[in-house]
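Heads up, the thing below is written out as structure tokens.
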Amino acid sequence: MTTHPSAPHPTGAETTPKPPTTEPPTRSARAHSFNTAAAQYAANRPSYPPALFDAVEALAGRPLPGSRVADIGAGTGIATALLQARGANVIAVEPGDGMAARFRSTLPAIPIIRGTGDDLPLADASLDLVTYAQAWHWTDPARSVPEALRVLRPGGALALWWNTDALDVPWIAEAAARTERHFGIDVAAEKRNVNARAADPTGRLDFTRRTVRWSRRIPVDTHLANIGSHSVFLVHDEEHTAAFLAEEREHLLKTFPDGVVEEVYEVVLLLAKTPA
């Protein structure tokens, strides 16, 4: 999307950041970087809480069981599998080779087709719900909004959501500050950019926003593998990435001496219905 880069999970950085020696990675490079880390992504990325799907049903005004759903930018299928488990008749759309291959190997019973949100390979008025989990920001809303409206039936809904870091948690805020110093990005600004105006600059969609807070407890190494699977890390060279992740591990073990990290998230959901 033109809205904001995919919000990276807070990670560590060297105390004195190195000055950049090259141009910042393009949005396209970041978007395609996941295909080289599909297995890491699938194994370590966070899931989504049941309350998120309760909110989707409530705002969409229909239950997921039996609904015709397309999960766009499905990646390795984290959200797709949860939608199916809730009873949705779901199809996945994914542009990346590596992600699609991983999806097929782990979710062979769910159909997946290749495509992007800017040019959906789906029939007109064929869906009750179109979802984007961590993926809308890789689209161009000038194209993806009309495409979503085209494939949704009257009274259907478009649901976008992101796991964002709970920056009111002290250790997460500290990790975010280290990320900002190292990469020169504003983590808080990226979270603020998850809003209706950024998602649809044309204002054609009337989004309702909900936030669902949740957490998970995982080993430090899983947490590091999770943050290492974000695009801001994948586009850097392996040696450089390994160095700051090693330093972050030391920070984390001071906060979590038992080696178990409690990641706290706020899932931001934006949902808009089409006219019935």
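Just so you know, these numbers use all the heavy atoms, side chains as well, and skip hydrogens, waters and symmetry mates. Worth saying up front: this structure is predicted, and the values here are computed from it rather than measured.
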Quiz item: Do the side chains of Thr255 and Glu262 get nearer than 4.5 Å, heavy atoms only?
Solution: no
Quiz item: Counting distance only, does the side-chain N/O of Asp165 pair as donor-acceptor with the main-chain N or O of Leu167 below 3.5 Å?
Solution: no
Quiz prompt | Sidechain-backbone polar pair: Thr164 side chain, Glu266 backbone, donor-acceptor under 3.5 Å | solution = yes
Quiz item: Are any side-chain N or O atoms of Asp118 and backbone N or O atoms of Arg143, one a donor and one an acceptor, separated by less than 3.5 Å?
Solution: no
Quiz item: Could you state the interatomic distance from CD1 (Ile72) to OG1 (Thr131), rounded to the nearest 0.5 Å?
Solution: 6.5 Å
Exercise. Enter the distance from Leu160:CG to Leu269:CG here, rounded to the nearest 0.5 Å.
Key: 8.0 Å
Quiz prompt | Close side-chain approach of Val93 and Pro121, heavy atoms under 4.5 Å | solution = yes
Quiz item: Does the side-chain contact (heavy atoms from CB on, under 4.5 Å) test come out yes or no for Val56 and Arg210, once each step is laid out?
Solution: CA-CA 9 Å; Val56 169; Arg210 292 287 186 273; over 6 Å; no
Quiz item: Same hydrophobic cluster for Ile78 and Ile218, using side-chain heavy-atom links shorter than 4.5 Å among ILVMFWY?
Solution: no
Quiz item: Taking C-beta and beyond as the side chain, do Trp138 and Thr116 meet within less than 4.5 Å on heavy atoms?
Solution: no
Quiz item: In Å and rounded to the nearest 0.5 Å, what is the CZ to OG1 distance from Arg102 to Thr76?
Solution: 7.5 Å
Quiz item: Looking at Asp124, Leu158, Val130, Leu205, which hits side-chain contact (heavy atoms from CB on, under 4.5 Å) with Leu149?
Solution: Leu205
Quiz item: Are the side chains of Pro50 and Arg86 in touch, meaning some heavy atoms are under 4.5 Å apart?
Solution: yes
Quiz item: What distance separates Leu59 CG from Asp54 CG, expressed to the nearest 0.5 Å?
Solution: 11.0 Å
Practice problem: Following the transitive rule for hydrophobic clusters with a side-chain heavy-atom cut-off under 4.5 Å over Ile, Leu, Val, Met, Phe, Trp and Tyr, establish whether Ile110 and Val69 coincide in one cluster. | Solution: yes
Quiz prompt | Main-chain N/O of Leu122 paired with Arg150 side-chain donor or acceptor, under 3.5 Å | solution = yes
Quiz item: Do you know the tightest heavy-atom contact between Ser144 and Tyr132?
Solution: CB-OH, 4.4 Å
Practice problem: Decide yes or no on salt bridge (Lys or Arg N to Asp or Glu O under 4.0 Å) for Arg178 and Glu247, but give the supporting numbers first. | Solution: CA-CA 10 Å; Arg178 292 191 292 268; Glu247 182 171 323; over 6 Å; no
Practice problem: List the atom of Ala133, the atom of Asp71, and the distance in Å for their closest heavy-atom pair. | Solution: N-OD1, 4.2 Å
Quiz item: Would a hydrophobic clustering, with Ile, Leu, Val, Met, Phe, Trp and Tyr connected at side-chain separations under 4.5 Å, put Leu152 with Ile113?
Solution: yes
Quiz item: When rounded to the nearest 0.5 angstrom, what is the spacing between CD1 in Ile227 and CZ in Arg45?
Solution: 11.0 Å
Exercise. Under the side-chain contact (heavy atoms from CB on, under 4.5 Å) rule, what do Leu64 and Leu129 come out as? Steps first, then yes or no, please.
Key: CA-CA 9 Å; Leu64 282 169; Leu129 179 66; 3.7 Å; yes
Quiz item: With no hydrogens and no angle check, is any side-chain donor or acceptor of Arg209 less than 3.5 Å from a backbone partner on Val194?
Solution: yes
Quiz prompt | Candidate pair Glu174 and His251, rule side-chain contact (heavy atoms from CB on, under 4.5 Å), full reasoning | solution = CA-CA 10 Å; Glu174 292 166 4; His251 285 293; over 6 Å; no
Quiz prompt | Closest approach of Ser67 to Pro63 (non-hydrogen atoms, all atoms of both residues) | solution = OG-O, 2.7 Å
Exercise. Classify the ring geometry between Trp161 and Tyr48 as parallel (under 30°), tilted (30 to 60°) or perpendicular (over 60°).
Key: perpendicular
Practice problem: Evaluate the side-chain proximity of Pro65 to Glu57: yes if any heavy-atom separation is below 4.5 Å, no if none is. | Solution: yes
Quiz item: Which pair of non-hydrogen atoms, one from Ala199 and one from Leu270, has the smallest distance, and what is that distance?
Solution: CB-CD1, 4.0 Å
Quiz item: Sub-3.5 Å donor-acceptor pair from the side chain of Thr274 to the main-chain atoms of Arg153, do we have one?
Solution: yes
Exercise. Mind checking the CH2-CG spacing from Trp136 to Asp200? Nearest 0.5 Å is all I need.
Key: 7.0 Å
Quiz item: Passes side-chain contact (heavy atoms from CB on, under 4.5 Å), Asn226 versus Glu263? Steps please.
Solution: CA-CA 11 Å; Asn226 166 29; Glu263 296 179 341; 3.2 Å; yes
Practice problem: Mark yes or no for whether Asp128, through its side chain, and Arg68, through its backbone, hold a donor-acceptor pair below 3.5 Å. | Solution: yes
Practice problem: Treating Ile, Leu, Val, Met, Phe, Trp and Tyr as nodes and any side-chain heavy-atom pair under 4.5 angstrom as an edge, say whether Phe256 and Leu253 lie in one connected cluster. | Solution: yes
Quiz prompt | Glu94 (side chain) donor-acceptor with Gly75 (main chain) under 3.5 angstrom | solution = yes
Quiz item: Trp214 and Ser47: which non-hydrogen atoms are nearest, and at how many Å?
Solution: CZ2-O, 3.1 Å
Self-check item: Contact summary for Leu271 and Ala159, nearest pair of heavy atoms
Solution: CD1-CB, 3.9 Å
